[in-house]
Amino acid sequence: MNGIYYYLIAFAIIWILALTLRNKLEKYGVETNFPVIMWKTKKLRGLISRISNFSPTFWRWFMNVGIVVAFGAMIFITWTLISSLPSVFETPAVSIVIPGVEMPGSSIYIPFAYGLLALASVLIVHEFSHGIQSVGEKISIKSIGLLLFAILPGAFVEPDEDELKKAKKSSQLRVYAAGSVANISLALIALLLVSLISAGIPTYFAEDGIAIDRIVSDSPSDGILKEGMILEAIDNHEINNSTDYTNIVSSYHPGDNVTVKTDQGTFTVTLDKNPNNESRGFFGIQANKHFELINNSLGPIPWILFELAELFEWVFMLNLGIGLFNLLPLKPLDGGHMLEILLSYKLPENICKPIVNALSAVMAMIIVFSLMVGFL
């Protein structure tokens with residue numbers, strides 16, 4: 001069963017319990033107002049204050065640079081989204097990604113466990129950074145918590161809206177930029193860790209082929225090939241490394257009958273159209289390098305390097321992707337608020353607000369259009 005059904009069942013149970021026990025849950029800080037469930041607490045405000053007060057000067061100057069980075073990233077992600085429109089029917093630039101679920105229109109599959117951990121890092125770093133910067137700007141935090149909007153989970157740090165509106169524009173910019181800048185910073189740290197781990201892998205391992213990590217549901221390989229198989233040859237073309245594999249699979253077209261030799265036997269697969277490029281053949285497998293242990297001085301311990309590398313890869317990808325997306329000039333995203341504040345330096349409110357609202361509408365239409373193309 002596709003992972004999406006497990007999510008829907010889980011969310012249905014959550015909503016049934018939340019609506020049934022609404023009155024009892026209120027004393028624990030849980031508010032249920034369809035389509036939103038919110039859990040609020042004040043317990044973590046002290047922790048955020050201590051982190052912010054540890055080095056207020058650092059946080060202020062870090063986010064001064066962060067404002068510049070955020071606007072640069074806003075320009076980049078906006079241009080990327082707009083420039084993707086000519087090829088949207090081949091490779092949609094926007095897609096929904098859910099850990100453990102194969103989403104239509106998305107070429108990315110996120111493993112369940114790694115995905116949840118990576119998403120947790122996105123939410124914690126993003127919201128805590130908003131809170132840390134709010135405290136640094138002398139803006140009170142009313143509450144901290146988790147939310148569920150229909151079936152979309154999230155987290156929040158709730159600053160005092162009145163104090164935020166009365167704060168200097170530079171302070172507002174730092175608060176709004178904090179979340180995405182922190183996500184981008186964590187992404188760079190994760191990328192560095194992946195590089196360091198990858199550099200250490202050749203000390204203990206040697207590449208000895210390509211292994212199947214995952215079979216795409218309802219794909220040409222589904223029911224024929226299996227996860228864990230080692231690919232040895234495709235149509236008598238030997239596969240010794242990832243370069244061989246990439247060159248071979250990219251040469252096929254839809255409808256080709258391909259003979260795949262593995263360590264568990266030889267199989268025939270009839271290729272379909274690639275969802276991201278209909279002129280190329282689609283096997284429906286996700287493969288990766290296969291390694292053998294050549295230095296057992298530490299026993300099986302080095303195998304954990306691959307697990308750590310994959311985890312940090314997803315931490316990198318999700319923090320970067322969601323951090324950049326949140327900087328789109330689209331309200332209620334942080335990028336939309338930042339653009340409105342920037343325009344207000346030179347334009348009156350009755351002019352800058354309609355500009356941002358119009359731009360938000362355009363961005364929203366592009367995103368919805370890309371998502372619809374992906375699903376269809």
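Predicted model only: the values in this text are computed from it and were never measured.
Linking ILVMFWY residues whenever their side-chain heavy atoms come closer than 4.5 Å, directly or via other members, places Val175 and Ile67 in the same cluster. Hydrophobic cluster membership differs between Leu173 and Val68, with clusters built from Ile, Leu, Val, Met, Phe, Trp and Tyr side chains linked at under 4.5 angstrom.
Side-chain atoms of His130 do not come within 3.5 Å of backbone N or O of Ala178 as any donor-acceptor pair. Looking at Ser52, its side chain does come within 3.5 Å of a backbone N or O of Gly136 through a donor-acceptor pair. A donor-acceptor pair is defined here as one N or O able to donate and one able to accept, closer than 3.5 Å; such a pair exists between the side chain of Asn183 and the backbone of Val122. Under a 3.5 Å cut-off, the side chain of Lys40 and the backbone N or O of Glu158 do not form any donor-acceptor pair. Not a single donor-acceptor pair under 3.5 Å links the side chain of Ser180 to the backbone N or O of Ala177. Under the 3.5 Å distance criterion, the side-chain polar atoms of Glu127 are matched with a main-chain donor or acceptor of Val157. With hydrogens and angles disregarded, a donor-acceptor distance shorter than 3.5 Å links the side chain of Asn295 to the backbone of Ser297. Arg45 places a side-chain N or O within donor-acceptor distance of the main-chain N or O of Ile141, the cut-off being under 3.5 Å. With hydrogens and angles ignored, the 3.5 Å screen pairs a side-chain donor or acceptor of Asn247 with a backbone N or O of Thr243. Using a distance-only test at 3.5 Å, with no hydrogens or angles considered, a donor-acceptor pair links the side chain of Glu163 to the main chain of Ser140.
Sparse packing is recorded around CZ of Phe54, with 12 or fewer heavy atoms of other residues, nucleotides or ligands lying under 6.0 Å away. Counting heavy-atom neighbours within 6.0 Å of Asn350 CG, excluding the residue itself, gives a total above 12. Within 6.0 Å of atom NZ in Lys261, 12 or fewer heavy atoms from other residues, nucleotides or ligands are found, so the atom counts as exposed in its surroundings. A 6.0 Å sphere centred on CG of Asp256 holds more than 12 heavy atoms belonging to other residues, nucleotides or ligands. Heavy atoms from other residues, nucleotides or ligands lying under 6.0 Å from CD of Glu207 number more than 12. Annotation for His237: atom NE2 counts as buried by contact number, over 12 foreign heavy atoms lying within 6.0 Å. Atom OH of Tyr28 has 12 or fewer neighbouring heavy atoms from other residues, nucleotides or ligands inside a 6.0 Å radius. Applying the 6.0 Å contact sphere to CD of Glu292 captures more than 12 heavy atoms from other residues, nucleotides or ligands.
Counting only heavy atoms from C-beta outward, the side chains of Phe316 and Val194 never approach each other to under 4.5 Å. No side-chain heavy atom of Lys142 sits less than 4.5 Å from a side-chain heavy atom of Pro159. Contact annotation: the side chain of Leu320 approaches that of Leu324 to within less than 4.5 Å [non-hydrogen atoms, C-beta and beyond]. Looking only at side-chain heavy atoms (C-beta outward), Phe282 and Leu271 stay at 4.5 Å or farther from each other. In this structure, Trp314 and Leu117 have side chains that are not in contact, with every pair of non-hydrogen atoms separated by 4.5 Å or more. Residues Ile37 and Trp15 are in side-chain contact: their nearest non-hydrogen atoms beyond the backbone lie under 4.5 Å apart. Counting only heavy atoms from C-beta outward, the side chains of Val135 and Ile51 never approach each other to under 4.5 Å. Taking the side chain as every heavy atom from C-beta outward, Val216 and Gln286 never approach each other to under 4.5 Å.
For the atom pair CG (Leu44) and CZ (Arg50), the distance works out to 9.5 Å, reported to the nearest 0.5 Å. The distance from the OH atom of Tyr204 to the CD1 atom of Ile294 is 11.0 Å, given to the nearest 0.5 Å. Annotation: the span from Ile14 atom CD1 to Thr32 atom OG1 amounts to 11.0 Å, rounded to 0.5 Å. In this structure, Ile234 CD1 and Asp244 CG are separated by 10.0 Å, a value rounded to the nearest 0.5 Å. Rounding to the nearest 0.5 angstrom, the gap separating the CG atom in Leu330 from the CD1 atom in Ile77 is 12.0 Å. Put simply, CD1 on Ile239 and CD1 on Ile248 are 4.5 Å apart, with the number rounded to the nearest 0.5 Å.
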- Message: As a quick check of understanding, evaluate side chain to side chain contact (heavy atoms under 4.5 Å, CB included) for His126 and Ile322, giving each step before the final call.
- Response: CA-CA 10 Å; His126 188 99; Ile322 295 175; 6.0 Å; no
- Task: Walk me through it: do Glu227 and Ile215 pass the test side chain to side chain contact (heavy atoms under 4.5 Å, CB included)?
- Result: CA-CA 6 Å; Glu227 296 178 3; Ile215 304 293; 4.3 Å; yes
- Can Leu225 and Phe283 be said to form a side chain to side chain contact (heavy atoms under 4.5 Å, CB included), step by step? CA-CA 10 Å; Leu225 302 178; Phe283 283 80; 5.5 Å; no
- side chain to side chain contact (heavy atoms under 4.5 Å, CB included) assessment of Met338 paired with Leu327: CA-CA 8 Å; Met338 290 184 67; Leu327 288 172; 4.1 Å; yes
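No donor-acceptor contact under 3.5 angstrom links the side chains of Asn257 and Thr268, judged on distance only. Inspection of the Ser121 and Asn319 side chains reveals an N or O donor paired with an N or O acceptor under 3.5 Å.
Aromatic ring orientation, Phe306 versus Phe291: tilted (interplanar angle from 30° to 60°).
Residues Ala18 and Leu25 share a closest heavy-atom pair of CA-CD1, 4.0 Å. When all heavy atoms of Gly299 and Leu293 are compared, the pair lying nearest together is O-CD2, 3.8 Å. Nearest heavy atoms, Gly115 versus Ile110: CA-CG2, 3.3 Å. Closest approach of Ala167 and Ser171 over heavy atoms only: CB-CB, 4.1 Å. Contact record, Cys352 with Glu340: SG-O, 4.2 Å, taken as the closest heavy-atom pair. The two atoms that bring Val356 and Gly336 nearest to each other are CG1-O, 3.7 Å, heavy atoms only.
A salt bridge (Lys or Arg N to Asp or Glu O under 4.0 Å) with Glu137 is found for exactly one of Arg60, Lys166, Lys168, namely Arg60.
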